[in-house]
Each structure stands twice: as structure tokens, then as C-alpha cells.
2 protein chains.
Amino acid sequence: MDASTRSSEKLRQAVDGFWETYPPLWRMIQAHIRLVAVEQFNITVEQFHILRHIRRGRDSVSALAEAKNISRPAISQSVDLLVTRGFIVRTVNPQDRRHVKLDLTADGNALMDAIFGDTRQWMMKTFSLLSADEIEALTCSMESLKKIL
Amino acid sequence: MDASTRSSEKLRQAVDGFWETYPPLWRMIQAHIRLVAVEQFNITVEQFHILRHIRRGRDSVSALAEAKNISRPAISQSVDLLVTRGFIVRTVNPQDRRHVKLDLTADGNALMDAIFGDTRQWMMKTFSLLSADEIEALTCSMESLKKIL
DNA sequence: GTAAAATAGTTTCAATTGTTAACCATTAAC
DNA sequence: GTTAATGGTTAACAATTGAAACTATTTTAC
């Protein structure tokens with residue numbers, strides 16, 4: 001077996017590992033978010049993710065559509081709902097009246113704090129089943145993964 | 001700073017790293033799947049994931065519903081569509097006639113080979129930007145992560 | 001300076017996906 | 001052998017999404 005075959009084998013291993021690890025983990029996280037979001041605040045997981053993106057600075061319909069890879073009309077409608085629910089406000093930019101800036105309201109921020117805080121706690125509890133070294137290694141590989149995205 | 005504070009700090013770091021790494025990566029993967037699935041086969045990403053689960057052995061409506069955390073009727077309907085499209089067959093288990101086993105047809109398997117092969121290639125290309133050590137570490141931490149799920 | 005093009009967002013409409021409730025068929029329990 | 005539990009589907013309805021067409025605003029080109 002030559003070096004390139006061997007390294008390609010390693011790559012394949014990493015890809016397979018990914019498929020066996022992340023989707024189930026992500027599903028568990030989503031399930032946890034759903035629990036808190038639906039039960040306590042009656043919003044969907046997708047709505048939570050929209051709020052999360054807004055909080056992280058994706059504060060326009062286009063930015064959200066790009067970030068979530070779905071159409072602008074779809075975002076526009078979801079935003080509509082969150083506005084009527086009082087979690088977001090739309091503000092037209094006076095410099096360029098085509099732009100509508102999205103911001104979380106106090107309610108929206110409180111909701112995010114609650115859900116995200118809860119989820120973070122759950123994730124920390126889950127990750128704490130790993131040894132200190134494993135956590136270190138995990139953080140490290142996520143760091144290197146982040147670099148190539 | 002005592003030991004428990006320090007380890008909790010590490011945990012927090014890991015969780016933050018997760019949120020900065022995984023959702024964007026997942027989004028890119030989904031986008032890639034969507035490209036191939038929609039363009040070449042005209043199925044949605046969600047339909048792809050159902051086929052993926054069936055291929056991995058989640059071969060009943062209940063198993064799929066549990067795996068994807070959605071209701072059985074929802075799965076039943078999606079399966080319906082994929083059956084009429086010729087990607088899945090339903091087979092009643094003669095031992096227990098309540099069970100309906102789901103299997104990919106030849107077409108379904110071909111579709112999966114195409115999409116998954118393509119996606120795998122893309123992922124390998126992406127991961128190959130990492131060093132051999134980083135890939136090793138990544139595989140390793142996914143392995144340890146998998147253990148605690 | 002105005003007509004044309006580009007940009008940001010919304011509305012409309014149809015398809016898909018999801019939920020709950022009610023249902024059928026089959027098997028297990030007693 | 002009736003009753004309960006299991007696996008799945010159907011029905012009715014709400015929510016999400018995308019494509020196409022639309023409005024409003026700004027930029028570009030001449």
C-alpha cells in the first residue's frame with residue numbers, strides 16, 4: 001500500500017466517523033432545543049435558529065437566507081411570524097431604504113438566553129462524560145476544522 | 001481558580017467550539033447534497049436522509065421516526081412518496097404481518113451511490129486540507145464522542 | 001438627468017412536510 | 001377468547017418552503 005492510498009484511507013475513515021457521530025449528536029441537540037423551545041416558549045427549532053443567527057449578526061433577510069441556504073421568501077415569512085410574536089423588530093435603514101435590519105427585542109433576547117443557556121448546560125453535561133484529554137482533543141480538532149471552512 | 005472551575009471552562013470552550021464549527025460544516029454538506037440530489041435526481045435533502053437511514057438499517061417506519069425524531073405519520077407519507085417514485089419497496093414481514101420492511105430498490109441504491117459518493121468525495125477533499133495529524137486527531141475525537149452518545 | 005438594471009424585500013400560490021386524532025390489522029397477554 | 005398493545009396508515013389541517021411575479025429603492029449607463 002503506497003502513501004497516497006494510506007492517506008486516502010485515513011480520510012475515508014474520518015468521513016465515515018463524521019457520519020456516524022455528528023448527525024446523531026446534532027439530532028440530540030435539536031431534540032433538547034425543541035424540548036425547551038416548544039414547551040416553554042412555543043417556538044420551533046427552526047425559529048430558534050433564525051433568532052440565533054440574528055443574534056450572531058446575520059441581521060437581514062438576505063444574510064439569513066444565505067446562512068441557512070433557503071430562499072428569501074421563506075425567511076421573510078418566518079421573520080414575519082417572529083415579528084408578530086414580538087421576538088424581532090424590523091428597522092428600515094434610512095441610508096438605504098431597501099435594507100431592513102433585524103434585531104432581537106428584549107423578549108427575543110430573554111428567550112435566547114433561556115434556551116441557549118439550557119442547551120449549553122445540557123451539552124456541557126454530555127461532554128463532561130469525556131476525559132479531560134478527550135475534551136482537549138475535541139476542542140483542538142474543532143479548531144482545526146474551523147480553519148478549513 | 002480551582003480545578004472544577006478550570007474543567008468547566010474547558011467544557012464551555014468545547015461547547016462554543018462545537019457551535020462555531022459544526023453548524024456551518026453541516027450546512028455546507030447539506031448544500032452539497034442538495035446540489036447533487038436536487039439537480040440530478042430531483043429529490044429533497046430530507047428524502048435523501050430517509051434513504052440514507054434505510055440503507056443504514058433503519059428499515060421500518062417506526063425506526064425512521066425514532067431516528068429522525070418526527071411522527072410516524074410524517075414518515076409514512078414521505079415513504080409513500082419515495083415508493084411511488086420507485087426508490088423504496090415495502091415488504092410485509094410474513095412472521096409478523098404488522099411489520100413493514102423498507103428496502104431501497106436498485107434505482108434507490110444507484111441514487112444513493114451517486115449522491116453519497118459525490119458528497120463523500122467532496123468531504124474527503126475538504127478534510128484533506130488538514131494535516132495527517134489533524135485528521136488522526138479528528139477521527140479520534142469523533143470516536144470518543146460516539147462512545148458517549 | 002433619465003431610462004435601464006440591480007438590489008432588498010414581500011406577496012401569492014402550489015407542493016411538501018409536519019402534527020394530532022382516529023382508524024385497521026395483527027400479535028401478545030391474561 | 002376477549003382485551004390490550006404494537007405497527008402502520010388515513011384524514012384533516014397547520015406550517016414551511018420555493019418559484020414567480022411584484023413593489024420600492026438605489027445604482028449604472030448613456
Side-chain angles (χ1 to χ4, degrees), chain A residues 27 30-31 33-35 37-39 41-54 57-85 87-103, chain B residues 27 30-31 33-39 41-54 57-103:
Chain A
R27 189 169 57 76
Q30 301 268 106
I33 293 172
R34 181 175 302 121
L35 214 70
V38 171
E39 301 290 308
F41 298 97
N42 197 36
I43 66 165
T44 67
V45 178
E46 283 313 310
Q47 287 166 349
F48 163 78
H49 283 303
I50 286 182
L51 297 177
R52 183 169 70 82
H53 274 118
I54 292 175
R58 264 71 182 255
D59 57 359
S60 73
V61 169
S62 298
L64 285 171
E66 209 238 313
K68 293 181 89 313
N69 245 309
I70 57 181
S71 69
R72 272 180 305 209
I75 295 289
S76 186
Q77 288 164 131
S78 300
V79 165
D80 244 15
L81 205 104
L82 290 167
V83 167
T84 62
R85 297 273 241 105
F87 298 127
I88 301 180
V89 282
R90 290 194 241 234
T91 320
V92 174
N93 180 348
Q95 262 69 53
D96 184 339
R97 295 179 45 73
R98 288 171 305 183
H99 289 78
V100 176
K101 187 166 181 296
L102 305 174
D103 281 296
Chain B
R27 188 170 57 79
Q30 301 268 107
I33 292 171
R34 180 175 301 120
L35 213 69
V36 186
V38 172
E39 300 290 309
F41 297 96
N42 198 36
I43 66 164
T44 67
V45 178
E46 281 314 310
Q47 287 166 348
F48 163 78
H49 282 303
I50 287 182
L51 295 177
R52 183 170 71 82
H53 274 119
I54 291 175
R58 264 70 182 255
D59 57 359
S60 73
V61 168
S62 297
L64 286 170
E66 209 238 314
K68 294 178 90 320
N69 246 310
I70 57 182
S71 69
R72 273 178 304 207
I75 295 289
S76 187
Q77 287 166 139
S78 299
V79 165
D80 245 15
L81 206 101
L82 290 167
V83 167
T84 63
R85 296 275 239 106
F87 298 128
I88 301 181
V89 282
R90 290 194 240 233
T91 319
V92 174
N93 179 349
Q95 260 71 52
D96 185 339
R97 296 180 45 73
R98 287 171 306 183
H99 288 79
V100 176
K101 188 166 180 295
L102 304 174
D103 281 296

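So you know, we letter chains A, B, ... as the sequences are listed, proteins then strands, and number each from 1. The figures here come from the full heavy-atom set of this structure, side chains too, leaving out hydrogens, waters and symmetry mates.
Not a single donor-acceptor pair under 3.5 Å links the side chain of B:Arg27 to the backbone N or O of A:Asn69. Listed for the B:Arg97 side chain is no donor-acceptor partner under 3.5 Å among the backbone atoms of B:Val92. One N or O on the side chain of A:Gln77 and one on the backbone of A:Pro73 form a donor-acceptor pair closer than 3.5 Å.
Distance B:Ile88 CD1 to D:dT9 C1': 15 Å, rounded to the nearest Å. In this structure, B:Ile50 places its CD1 atom 10 Å from C1' of C:dT17, rounding to the nearest Å. Spacing between atom NE2 of A:His99 and atom P of C:dT10 amounts to 12 Å, rounded to whole angstrom units. When the P atom of D:dA14 is taken as reference, atom CD1 of A:Ile43 falls 21 Å away, rounded to whole Å. Atom NE2 of B:His49 and atom P of C:dT16 are 18 Å apart (whole Å). To the nearest angstrom, P of C:dT10 lies 11 Å from CD1 of A:Ile75. Across the protein-nucleic acid pair, B:Arg72 atom CZ and D:dT10 atom P stand 15 Å apart, rounded to whole Å. Across the protein-nucleic acid pair, A:Arg34 atom CZ and D:dA15 atom C1' stand 14 Å apart, rounded to whole Å.
Comparing D:dA11, D:dG8, C:dT10 against the side chain of B:Pro73 picks out D:dA11 as the nearest.
Regarding contacts with the backbone of C:dT17, a side-chain N or O of B:Gln47 is found under 4.0 angstrom from either OP1 or OP2.
Of the residues near DNA chain D, A:Ala74 and B:Lys101, the one whose nearest nucleotide (by heavy atom distance) lies more toward the 5' end is B:Lys101.
Atoms CG and NE2, from A:Leu102 and A:His53 in turn, are 13.0 Å apart once rounded to the nearest 0.5 Å. To the nearest 0.5 angstrom, A:Leu82 atom CG is 6.0 Å from A:Ile50 atom CD1. For the atom pair NE2 of A:His49 and CD1 of A:Ile33, the computed distance is 4.5 Å after rounding to the nearest 0.5 Å. Within the model, atoms OG of A:Ser78 and CD1 of A:Ile70 stand 6.0 Å from one another, a figure rounded to the nearest 0.5 Å. If you take CG on B:Asp59 and NE2 on B:His99, they are separated by 10.0 Å, rounding to the nearest 0.5 Å.
Using a cutoff of 4.0 Å between basic side-chain nitrogens and carboxylate oxygens, A:Lys68 and A:Glu46 are scored as salt-bridged.
Contact annotation for B:Glu46: no contact, since no heavy-atom pair falls under 4.0 Å across all strands.
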Query - Base-contact (B) and sugar-phosphate-only (S) positions in nucleotides 24-30 of chain C, heavy-atom cut-off under 4.0 Å, - elsewhere - result: --BS---
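Within residues 58-71 of chain A, the residues that place at least one heavy atom under 4.0 Å from DNA chain D are, in residue-number order, A:Ile70, A:Ser71.
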